[in-house]
Each structure stands twice: as structure tokens, then as C-alpha cells.
Amino acid sequence: MLPAPNRLRSRSDFASAIRAPGATRAGSRILVVHANVTDSRAGLPPRVGFVVSRAVGNAVVRNRTKRRLRAVVASRLDGIPAGCDVVVRAQPAAATATFAQLSDALIPLVHKAIGRLEVAG
């Protein structure tokens, strides 16, 4: 479980992380990771949100996918810089992915998206 200060909750926060100027993304067959840093969040803990649509599967599959993704992010939260908002969007292929496959796909994508932020900013 992610600590409360590290969770993205509101629709506007998700939209800001995905669509705001300066936002970046990195994707694979299983996941897409969006990242953004704003001046107003400087020095605050990083926040992470998850988007798992019905295209991934039924409620059981979607919730299992979210739990696995949360566990991977919670174990690597210290690798995300302060003030960064990250949104992890699961593709339909994530439904059949194992925990190890999700972990192997997610970690490099997070680093890639954050790396693009640092280059752009």
C-alpha cells in the first residue's frame, strides 16, 4: 500500500500529470508511464496514480493488476524524485502478465519517463 502523501487522487492531478505542458511518457506493450513535475510541487513527496480500464479485464483482473502495480511502486518509491507526479496506465496485455513481468516492465519505464523530464526541464 502506498502512503497517503504518495497517492494521486483527484481527476485534475491525473490530468496534470498526463496532459500538462512538460509532461512526458514512456510505454511498452504492457504499460504506459506518464510523468510531470510542477513548480508548485517542489520539495513535496512524489505521487503515483494508477489507471486500469475495463479493457484490461473484469473487476477481479483490474484490481489484481492494480495491487501488483502498487506493490512494485511502493518498493521503489525512493527512486522517484520529490515533486514528481507519475501515472501508470495498464494496457490490456497487463491482464495476463505476472508480477515479475509487470515489475520488469514498470521500473525501466518509470526511469525513462523521469529521465526525459530532467532533460526537458
Side-chain angles (χ1 to χ4, degrees):
M1 183 89 165
L2 287 174
N6 297 111
R7 290 186 226 149
L8 274 177
R9 292 193 176 134
S10 73
R11 181 182 177 104
S12 63
D13 290 339
F14 276 84
S16 172
I18 293 172
R19 295 190 185 101
T24 64
R25 75 173 176 206
S28 72
R29 185 182 67 82
I30 299 174
L31 301 168
V32 177
V33 175
H34 300 269
N36 197 5
V37 175
T38 59
D39 291 337
S40 63
R41 297 245 337 120
L44 295 174
R47 297 185 301 179
V48 182
F50 302 93
V51 177
V52 184
S53 73
R54 281 194 208 164
V56 174
N58 64 23
V60 173
V61 173
R62 291 193 312 266
N63 287 328
R64 179 179 54 224
T65 303
K66 274 190 274 193
R67 278 194 310 271
R68 289 176 174 176
L69 290 171
R70 268 196 306 265
V72 172
V73 169
S75 68
R76 303 292 181 110
L77 200 54
D78 55 349
I80 301 173
C84 189
D85 287 344
V86 176
V87 174
V88 179
R89 186 166 41 97
Q91 302 284 59
T96 57
T98 65
F99 181 83
Q101 290 170 328
L102 287 173
S103 180
D104 291 345
L106 180 60
I107 301 306
L109 291 176
V110 168
H111 291 302
K112 189 174 189 179
I114 291 171
R116 287 178 180 168
L117 278 177
E118 294 170 356
V119 170

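We count residues from 1, following the sequence as given. Basis for what follows: all heavy atoms, side chains included, without hydrogens, waters or symmetry-related copies.
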If hydrophobic clusters are built by linking Ile, Leu, Val, Met, Phe, Trp and Tyr wherever their side-chain heavy atoms come under 4.5 Å apart, do [X] and [Y] end up in the same one?
X: Leu2; Y: Leu106; value: yes
X: Ile30; Y: Phe99; value: yes
X: Ile18; Y: Val56; value: no
X: Val52; Y: Val32; value: no
X: Leu31; Y: Val51; value: no

Taking all heavy atoms of [X] and all of [Y], pick out the closest pair and write down the distance.
X: Ser28; Y: Leu109; answer: OG-CD1, 3.6 Å
X: Ala20; Y: Asn36; answer: CB-ND2, 3.3 Å
X: Phe14; Y: Phe50; answer: CE2-N, 3.8 Å
X: Pro46; Y: Ile80; answer: CB-CG2, 3.4 Å
X: Lys112; Y: Ala26; answer: CD-CB, 3.9 Å

Task: Flag, side chain of Thr65 to backbone of Val61, donor-acceptor distance under 3.5 Å - done: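 Answer holds: yes.
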Open item on the list: Tell me if a side-chain donor or acceptor on Asp13 pairs with a main-chain N or O of Arg9 at a distance below 3.5 Å.
Closed with: no
Task: Qualifying residues under side chain to side chain contact (heavy atoms under 4.5 Å, CB included), relative to Pro108, sequence neighbours excluded - done: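 Side chain to side chain contact (heavy atoms under 4.5 Å, CB included) list for Pro108, sorted by chain: empty.
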- [ ] With the side chain counted from C-beta on, respond yes when Ile114 and His111 share a heavy-atom pair under 4.5 Å apart, and no when they do not.
- [x] no
Sequence neighbours left out, cut at 3.5 Å: what donor-acceptor pairs do the side chains of residues 84-95 make with other protein atoms?
residue : atom : partner : partner atom : Å
Asp85   : OD1  : Arg41   : NE           : 3.3
Asp85   : OD1  : Arg47   : NE           : 3.0
Asp85   : OD2  : Arg47   : NH2          : 2.9

Enumerate donor-acceptor pairs with a distance under 3.5 Å from any side-chain N or O in residues 67-79 to protein atoms, sequence neighbours excluded.
residue : atom : partner : partner atom : Å
Arg68   : NH1  : Ala97   : O            : 3.0
Ser75   : OG   : Val72   : O            : 2.8

